[in-house]
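Notes for the one structure printed next.
Bear in mind that the values here come from a model prediction, so they are computed numbers and not experimental data. Both ligands and their constituent atoms are indexed starting at 1 by order of listing. Side chains are part of it too, since the values below use all heavy atoms of this structure and drop only hydrogens, waters and symmetry mates.
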Amino acid sequence: MYDKISPCQTGSAITYKDGQPIVPDNPIIPFIRGDGTGVDIWPAAQKVIDSAVQYAYGADRSISWFKIYAGDEACEKYGTYQYLPQDTLNAIKEYGIAIKGPLTTPVGGGIRSLNVALRQINDLYACVRPCKYYPGTPSPHKTPEKLDVIVYRENTEDIYLGIEWPKGSEVAEKLITLLNQDLIPATPEHGKKQIPLDAGIGIKPISKTGSQRLVRRAIQHALRLPKSKQMVTLVHKGNIMKYTEGAFRDWGYELATTEFRAECITERESWILSNKEQNPDITLEENARAIEPGYDALTPEKQAKVIQEVENVLNSIWDSHGQGQWQDKVMVNDRIADSIFQQIQTRPAEYSILATMNLNGDYLSDAAAAMVGGLGMGPGANIGDTCAIFEATHGTAPKHAGLDRVNPGSVILSGVMMLEYMGWQEAADLIKKGISDAIANREVTYDLARMMTPPVEPPLKCSEFAEAIIKYFS
Ligand SMILES: NC(=O)C1=CN([C@@H]2O[C@H](COP(=O)(O)OP(=O)(O)OC[C@H]3O[C@@H](n4cnc5c(N)ncnc54)[C@H](OP(=O)(O)O)[C@@H]3O)[C@@H](O)[C@H]2O)C=CC1
Ligand SMILES: O=C(O)CCC(=O)C(=O)O
Ligand SMILES: [Mg+2]
């Protein structure tokens, strides 16, 4: 089954039942070291994870690491341009869970992202990136402790599908001509718009299936959170991209109010119900006016639609969700993407799970990580129904590569997510304690050291930070 690698002699594979991993006491877990700073970070992360498992379970549990290859290391082993060998794909499929360091993607030409390819090939449709504050972490934000969000990023479609053509290529010109001469004129809403002939063209598919399976996972996750954090915000730019990003929002609400009807309340429904709770005699029209800004300026048809919406909500969920019962449900709301970037800064405590499409999620997860200490503290998981790959939010940070200086925290925290996913909570908790204590004692790498007051000098090396975390297990 494998060409140039040999699976571990001890241990067995993680399997899946109904989307949940079944984890033996000695799982074989494939790992990709990664390019750039992967050479520094991965050994540090592996050491911390192994120490935590050993400390928590003694001889009862251990991980058998299976080294697999991608990126530069794969080309060295498998030959030129062999960035993602079949061996690697086979191992991930066979063993069900993998963890990886970052992999380089060139800008402009060159290979397409290996990171994205791994997600698409394994159908890891939910990219889960928690951004939570560890006390003592320096932050550019005044109240970083108020931010505790999880970005749920759709991971398989959107422009990351990589279907695009460069300016001047035969297909781009053909497509532009077809659009300009045929499809755009045949669509009245597009008027006389035309695409410049010297445009590159990219395709942004957002499907109902892809959107709803992501939102489904986000709602399921919200249901496992404490009541005060049971919120899912659908983040989109649906005012501009109506049939892709706008549709994502609509499909999200549709799912919440059908499949999760008993468990969810939308923000608008909550306004309708609470208006009636505060004033049992409120008319449908008064209620409609209260929930719809600019109601009086609407056409009679649009006003009738809002009134109908109020009536439908009261008829369908007053008994199950009214009289305050909605306050115990998962709150599903939506925000326009540009606005959420300022909302997490100005009103961080009001958000919990941010469910969004691929590009928005990519941007948002870096921005949210910055608020709680930077990319050195941003873990992530790519989750599907029969496979999961854990990796940091950050990339290869090439200027720091090989210097033993970057923060391994993101990959270590991705390891924490992996341990939690495996149900090895004791080991995960030990690492979280180790990180908290190391930061509280100002034992940190350069990125956190430079933001502390006074700055920590000299900062710990990458490998020393791992040692410090392990030291604080006891
Ligand atoms: N999943 C993946 O594997 C990803 C891969 N990439 C790829 O990585 C490459 C480099 O991308 P780039 O845009 O530079 O983004 P990076 O995330 O690699 O780095 C940007 C900056 O973030 C900070 N940073 C990143 N990692 C750490 C860390 N572990 N500890 C402390 N600070 C850190 C550094 O800031 P400073 O220098 O200011 O201290 C660094 O210069 C590209 O090829 C990109 O495609 C990008 C994202 C994800
Ligand atoms: O694949 C890459 O090179 C970049 C991906 C990325 O930025 C991300 O997944 O956050
Ligand atoms: Mg990114």
Nearest non-hydrogen protein atom to atom 1 (N) of ligand 1, with distance, is Glu391 OE1, 3.0 Å
Take atom 13 (O) of ligand 1 and look for protein heavy atoms under 4.0 Å from it; say yes if you find one, no if not. no
Among N, O or S atoms, Asp362 approaches the Mg ion (ligand 3) most closely through OD1
task = Establish, from distance only, whether the side-chain atoms of His236 and Asn360 form a donor-acceptor pair under 3.5 Å.
result = no
Heteroatom test (N, O or S) for Asp366 near the Mg ion (ligand 3), limit 2.8 Å
no
re atom 10 (C) of ligand 1, the protein heavy-atom contact at minimum distance is Thr396 OG1, 3.4 Å
Ranked by distance from atom 7 (O) of ligand 2, the top protein heavy atom is Asp362 OD1, 3.2 Å
>> Less than 4.0 angstrom from a charged side-chain N to a carboxylate O is my criterion; do Arg119 and Glu391 meet it?
In response: yes
ask   = Is there a side-chain contact between Ile68 and Phe31, using heavy atoms and a 4.5 Å cut-off?
value = no
The closest protein heavy-atom partner of atom 40 (C) of ligand 1 is Ala397 CB, 4.0 Å
Of all protein heavy atoms, the one nearest atom 4 (C) of ligand 2 is Asn115 ND2, 4.4 Å
Nearest heavy atom to atom 3 (O) of ligand 1, choosing from Val411, Leu375, Leu103, belongs to Leu103
Problem - Glu157 bridged to Lys204 by N-O distance under 4.0 Å - result: no
The atoms of ligand 1 lying under 4.0 Å from a heavy atom of Pro102, numbered in the order shown, are 3 (O)
protein heavy-atom neighbour closest to atom 38 (O) of ligand 1 works out as Arg450 NH2, 3.6 Å
task = Inspect the contact between Arg153 and Asp362 and indicate whether a charged nitrogen and a carboxylate oxygen are less than 4.0 angstrom apart.
result = yes
Short version for Arg119: what comes under 4.0 Å of ligand 2, heavy atoms counted, is side chain
Quick one: do Asp366 and Arg129 make a salt bridge, cutoff under 4.0 Å? no
Looking only at protein heavy atoms, what sits closest to atom 46 (C) of ligand 1 is Gly395 CA, 3.3 Å
With heavy atoms and a 4.0 Å threshold, my read on which part of Asp447 contacts ligand 1 is side chain
heavy-atom search around atom 48 (C) of ligand 1 in the protein gives His394 O, 3.3 Å
Ligand 2 to Thr105, heavy atom cutoff 4.0 Å, flagged ligand atoms 1 (O), 2 (C), 3 (O)
Short version for Arg112: what comes under 4.0 Å of ligand 2, heavy atoms counted, is neither
Val406 heavy atoms within 4.0 Å reach ligand 1 at atoms 28 (C), 29 (N), 30 (N)
the protein heavy atom lying closest to atom 1 (O) of ligand 2 turns out to be Ser113 OG, 2.5 Å
>> Using a 6.0 Å distance limit plus a 45 degree cone around the ring axis, check whether Lys132 lies over the aromatic ring of Tyr134.
In response: no
If we only consider heavy atoms of Arg129, is any one of them less than 4.0 Å away from an atom in ligand 2? yes
Exercise. Can you find a protein heavy atom under 4.0 Å from atom 8 (O) of ligand 1?
Worked result: yes
task: Could you tell me whether Tyr363 and Phe341 have their ring centroids closer than 6.0 angstrom?
output: no
